[in-house]
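What's counted below: heavy atoms across the whole structure, side chains too, no hydrogens, waters or symmetry copies. Just so we're clear, the structure is a prediction, and the values are computed from it rather than from any experiment. Here is how names work: the chains are called A, B, and so on, in the same order as the sequence lines, proteins then strands, and each is numbered from 1.
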Protein chains: 2
Amino acid sequence: MLSEDRYACLRLENQLCFPLYACAKEVVRRYKPILDELDITYTQYITMMALWEHRSLSLKDIGAMICLDSGTLTPLLKKLEEKGYVERSRDRDDERVLTVSVTEKGMDLRERALSVPGSVATCIPISPEEALILARILRRMMAEFSAQQQ
Amino acid sequence: MLSEDRYACLRLENQLCFPLYACAKEVVRRYKPILDELDITYTQYITMMALWEHRSLSLKDIGAMICLDSGTLTPLLKKLEEKGYVERSRDRDDERVLTVSVTEKGMDLRERALSVPGSVATCIPISPEEALILARILRRMMAEFSAQQQ
DNA sequence: TACTATTTAATTGTATGCAATCTAATTAAT
DNA sequence: ATTAATTAGATTGCATACAATTAAATAGTA
């Protein structure tokens with residue numbers, strides 16, 4: 001027992017990052033059957049969330065908001081365009097910039113998505129009090145991460 | 001402003017799941033340069049953690065411990081075998097079962113991994129107090145998720 | 001025993017994620 | 001103005017994730 005002690009830091013049960021990683025996956029899994037009805041994935045859903053709020057954003061701005069780069073967003077936005085929820089076009093003033101805009105159909109999807117947060121909430125086993133604490137800690141951590149980057 | 005209120009639940013900033021998702025990714029990203037020196041990925045690292053503790057486990061048991069299925073683990077374990085850290089063999093008593101065992105080289109890796117948790121901790125911007133609270137909430141949530149499943 | 005159901009991995013297909021590289025457009029510097 | 005540096009996306013390659021299906025082995029049952 002004592003001889004194993006030096007490895008305590010490598011035990012799964014002593015990790016903070018592992019439950020974070022596992023919980024995040026589990027939560028996204030809970031979204032799946034709910035988002036299936038809208039024919040979108042979780043990543044597509046948060047992309048639409050960013051767009052619903054701003055109507056039109058560059059790929060770069062979307063990436064900054066939801067922490068994804070062009071390697072993930074380029075194919076994802078093409079799929080959302082195929083589904084008819086967004087339009088992709090080059091900015092007139094700066095041809096490097098890809099402007100992504102929500103279509104009429106994309107805004108209709110917002111109406112159908114209104115019930116999603118409520119449906120998901122019933123599947124996530126956490127009390128409202130703990131949810132608040134969790135959100136506060138995670139948001140603070142994200143803010144610190146952002147401050148680290150530059 | 002008031003007319004937008006019904007969409008408040010679809011704002012990114014009002015989500016709990018999004019910071020969870022984003023934080024988990026960010027943390028795994030912090031592991032990368034550290035694990036690169038051991039030539040393993042984060043998923044391979046937690047797989048080895050499970051194996052370091054038990055020396056030998058079935059694929060199913062590993063999956064239960066780190067929340068992954070055979071679709072992810074089968075190719076991952078083959079890679080760990082190629083690297084020489086584990087051995088894969090069929091259980092004599094039950095040929096369906098794949099037994100995964102740590103090799104000598106795999107146990108050597110454990111020594112080299114001893115500094116990983118400390119290195120990662122310096123990159124994760126969270127106070128020890130908040131880390132404890134976070135770990136407690138996430139572990140409780142995982143326990144509840146497990147209880148839901150069956 | 002023969003048949004059915006269950007269990008365990010492996011396989012297949014789709015969708016991320018992300019580092020690294022590439023290309024084109026724009027900006028800054030000389 | 002020309003060259004150099006920067007920026008924004010797209011592309012490539014690798015490694016997950018995971019649902020769904022398949023195949024083989026085992027357990028359960030009539």
Between atom [atom1] in [X] and atom [atom2] in [N], what is the gap in whole Å?
{"X": "Asp91(A)", "N": "dA24(C)", "atom1": "CG", "atom2": "C1'", "result": "15 Å"}
{"X": "Arg30(B)", "N": "dC18(C)", "atom1": "CZ", "atom2": "P", "result": "11 Å"}
{"X": "Leu98(A)", "N": "dA25(C)", "atom1": "CG", "atom2": "C1'", "result": "14 Å"}
{"X": "Leu59(A)", "N": "dT23(C)", "atom1": "CG", "atom2": "P", "result": "19 Å"}
{"X": "Asp69(B)", "N": "dT7(C)", "atom1": "CG", "atom2": "P", "result": "16 Å"}
{"X": "Tyr21(A)", "N": "dA17(D)", "atom1": "OH", "atom2": "C1'", "result": "8 Å"}
{"X": "Leu73(A)", "N": "dA10(D)", "atom1": "CG", "atom2": "P", "result": "9 Å"}
{"X": "Lys78(A)", "N": "dG9(D)", "atom1": "NZ", "atom2": "P", "result": "13 Å"}

Is [X] touching bases, backbone alone, or none of the nucleic acid, heavy atoms closer than 4.0 Å?
{"X": "Leu76(B)", "value": "sugar-phosphate"}
{"X": "Asp93(A)", "value": "sugar-phosphate"}
{"X": "Asp94(A)", "value": "sugar-phosphate"}
{"X": "Leu68(B)", "value": "sugar-phosphate"}

Side chain of [X] only, please: which of [options] is the nearest?
{"X": "Thr72(B)", "options": "dA9(C), dA17(D), dT26(D)", "value": "dA17(D)"}
{"X": "Arg29(A)", "options": "dA10(C), dG9(D), dC18(D)", "value": "dC18(D)"}
{"X": "Arg96(B)", "options": "dA15(D), dA8(D), dT8(C)", "value": "dT8(C)"}
{"X": "Thr74(B)", "options": "dT26(D), dT11(C), dT11(D)", "value": "dT11(C)"}
{"X": "Arg90(A)", "options": "dT8(C), dA19(D), dA10(D)", "value": "dA10(D)"}

OP1 or OP2 of dA10(D) sitting under 4.0 Å from any side-chain N/O of Arg88(A)?
-> yes
Quick one: do Glu37(B) and Arg112(B) make a salt bridge, cutoff under 4.0 Å?
-> no
salt_bridge(Arg29(B), Glu26(B)) N-O dist < 4.0 Å = yes
By nearest nucleotide on DNA chain C, pick out whichever of Lys32(B) and Tyr42(A) is the more 5' one.
-> Tyr42(A)
Contact nearer the 5' end of DNA chain C, comparing Arg92(A) with Thr43(A) | Thr43(A)
Does any N or O donor sit under 3.5 Å from an N or O acceptor when you compare the side chain of Ser70(B) with the base of dA10(C)?
-> yes
Whichever of Asp61(A) and Lys25(A) has its nearest DNA chain D nucleotide further upstream toward 5' = Asp61(A)
Asp69(B) side chain to Thr72(B) main-chain N or O, any donor-acceptor pair under 3.5 Å?
-> yes
Give me the ring orientation class for Tyr31(A) and Tyr45(A): parallel if the planes are under 30° apart, tilted from 30 to 60°, perpendicular past 60°.
-> tilted
Heavy-atom count around Lys25(B) NZ within 6.0 Å, excluding the residue itself: above 12?
-> yes
With a cut-off of 6.0 Å (strictly less than), are more than 12 heavy atoms of other residues, nucleotides or ligands near CD of Glu87(B)?
-> no
